[in-house]
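Counting starts at 1 for both ligands and their atoms, following the listed order. All of these numbers come straight from a predicted model, not from anything done at the bench.
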Amino acid sequence: MKPVIIIGAGGHAAVVADALQAAGVSVLGFTDADSTKHQSRQCGLPILGGDAIVLAGYDRNEVLLANGVGGVRGTDARRALQLRLQEAGWRFTTVIHPTAIVSPHARVGHGVQLLAGSIVQVSAVIGEGTIVNTAAIVEHDVEVGDYVHVAPRALLCGAVTVGNLSHIGAGAVVRQGIQLGQHTLVGAGAVVVKDFDGGGELVGMPARPAGGIA
Ligand SMILES: CC(C)(COP(=O)(O)OP(=O)(O)OC[C@H]1O[C@@H](n2cnc3c(N)ncnc32)[C@H](O)[C@@H]1OP(=O)(O)O)[C@@H](O)C(=O)NCCC(=O)NCCS
């Protein structure tokens, strides 16, 4: 496999670097807009510089990119970055940690990241650019849209659907068959038992729209 440059150098980028290296992929380093970080190292890898300058030194056909931008409320920034660079001809690699369990009958989109200990069950569909984070579980027949973040230890039970650009918070549980629209933010630890149109936040057990939370 071609070597990879990770775009971003924050916490999620470090997790992505770890997953790629565990899978035996060569990682050249990170990019970051913050010039105070340039030439320093993270996880033993260099922070090479800003992405425009760094990528100007590489051939699009010889190097792949990985999206190092995570998100604790939403993934719009992650999507914008990836689309900008894809439009410029760069390709984003799919990241699968060797401890992730992925059914051969699941469908995984372009640039998806399946991190340590995650499980993607039979007939699940994971959209482009989505993160299934540490120890998260995506059960059978679940459909997750594009640029969703399924945060650590979240559980999507069978046949749930999750709209694009949603965030399923750490440790949240979404009951089987539930449908969540685009831009749904499920708070950490929530238990979702009703469908939701999207465009807002759900918190608590059972989860309800988050009055007062911006
Ligand atoms: C729901 C969430 C987005 C709210 O964040 P916020 O807008 O910064 O909210 P605040 O922390 O200011 O809390 C506002 C109120 O909501 C409550 N609240 C916050 N998060 C909550 C949650 N997950 N469940 C229940 N109540 C929550 C707070 O107790 C507070 O209540 P109060 O006004 O009565 O004191 C956030 O807490 C959350 O759960 N994010 C997901 C985190 C995650 O998945 N991280 C993984 C990263 S890898």
Side-chain angles (χ1 to χ4, degrees), residues 6-22 30 32 42-43 66-82 92 94-97 99-101 108 111-120 124 126-139 142 144-157 160-175 178-214:
I6 299 173
I7 308 299
H12 183 68
V15 172
V16 168
D18 233 31
L20 286 167
Q21 291 187 311
F30 304 92
D32 199 289
Q42 160 156 268
C43 310
N67 196 333
V69 175
V72 290
R73 293 190 71 100
T75 53
D76 297 73
R78 172 179 175 77
R79 175 176 178 273
L81 166 91
Q82 190 156 328
F92 279 76
T94 298
V95 177
I96 303 184
H97 193 283
T99 61
I101 299 173
V108 171
V112 161
Q113 298 177 345
L114 308 179
L115 299 175
S118 61
I119 300 176
V120 178
I126 312 284
E128 170 174 317
T130 281
I131 306 167
V132 181
N133 217 324
T134 313
I137 298 176
V138 176
E139 264 300 336
V142 167
V144 182
D146 296 340
Y147 298 96
V148 172
H149 182 184
V150 185
R153 269 207 181 279
L155 166 59
L156 302 177
C157 297
V160 159
T161 63
V162 180
N164 298 340
L165 293 159
S166 293
H167 177 96
I168 310 298
V173 175
V174 184
R175 191 169 79 178
I178 293 293
Q179 301 193 352
L180 301 176
Q182 293 196 18
H183 266 118
T184 297
L185 169 51
V186 175
V191 177
V192 182
V193 296
K194 286 188 180 159
D195 293 349
F196 184 66
D197 286 344
E201 302 182 16
L202 295 172
V203 293
M205 185 168 62
R208 301 189 195 287
I213 299 178

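Of all the heavy atoms in Gly163 and Val148, the pair that sits closest is O-CG2, 3.3 Å.
Taking any N or O of Leu185, backbone or side chain, none lies under 3.5 Å from an N or O belonging to ligand 1. Ligand 1 has no N or O atom lying under 3.5 Å from any N or O atom of Glu201, backbone or side chain. Remark: ligand 1 and Ala188 share an N or O pair separated by less than 3.5 Å (distance only, no angle test). Considering backbone and side-chain N/O atoms, Arg73 comes within less than 3.5 Å of an N/O atom of ligand 1.
Note that CD of Gln82 is 9.5 Å distant from CG of Asp146, once rounded to the nearest 0.5 Å. Between Thr75 atom OG1 and Ile131 atom CD1 the span is 7.5 Å, to the nearest 0.5 Å. Atom NE2 of His97 is separated from atom CD of Gln21 by 10.5 Å, given to the nearest 0.5 angstrom.
Look at His12 and you'll find every heavy atom at least 4.0 Å from all atoms of ligand 1.
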Which donor-acceptor pairs under 3.5 Å do side chains of residues 179-194 form with protein atoms, sequence neighbours excluded?
from: His183; atom 1: NE2; to: Asp76; atom 2: OD1; distance (Å): 3.2
from: His183; atom 1: NE2; to: Asp76; atom 2: OD2; distance (Å): 3.1
from: Thr184; atom 1: OG1; to: Gly181; atom 2: O; distance (Å): 2.7

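Only the side chain of Pro152 comes within contact range of ligand 1, with a heavy atom under 4.0 Å; no backbone atom does. Only the side chain of Ala151 comes within contact range of ligand 1, with a heavy atom under 4.0 Å; no backbone atom does.
Heavy-atom contacts of Gly169 reach the following atoms of ligand 1: 44 (O) (cutoff under 4.0 Å). Residue contact check: Gly187 has heavy atoms under 4.0 Å from atoms 1 (C), 23 (N), 39 (O) of ligand 1. The distance from ligand 1 to the heavy atoms of Val72 drops below 4.0 Å at these ligand atoms: 40 (N), 41 (C), 47 (C).
In this structure Thr94 satisfies the side-chain hydrogen bond (donor to acceptor under 3.5 Å, both in side chains) test with no other residue, sequence neighbours excluded.
The closest heavy-atom contact to atom 44 (O) of ligand 1, among the options His167, Arg208, Arg153, comes from His167.
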Practice prompt. Walk me through it: do Glu128 and Arg79 pass the test salt bridge (Lys or Arg N to Asp or Glu O under 4.0 Å)?
Written response: CA-CA 9 Å; Glu128 170 174 317; Arg79 175 176 178 273; over 6 Å; no

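Ring orientation note: the planes of His12 and His149 are tilted relative to one another, at an angle of 30° to 60°.
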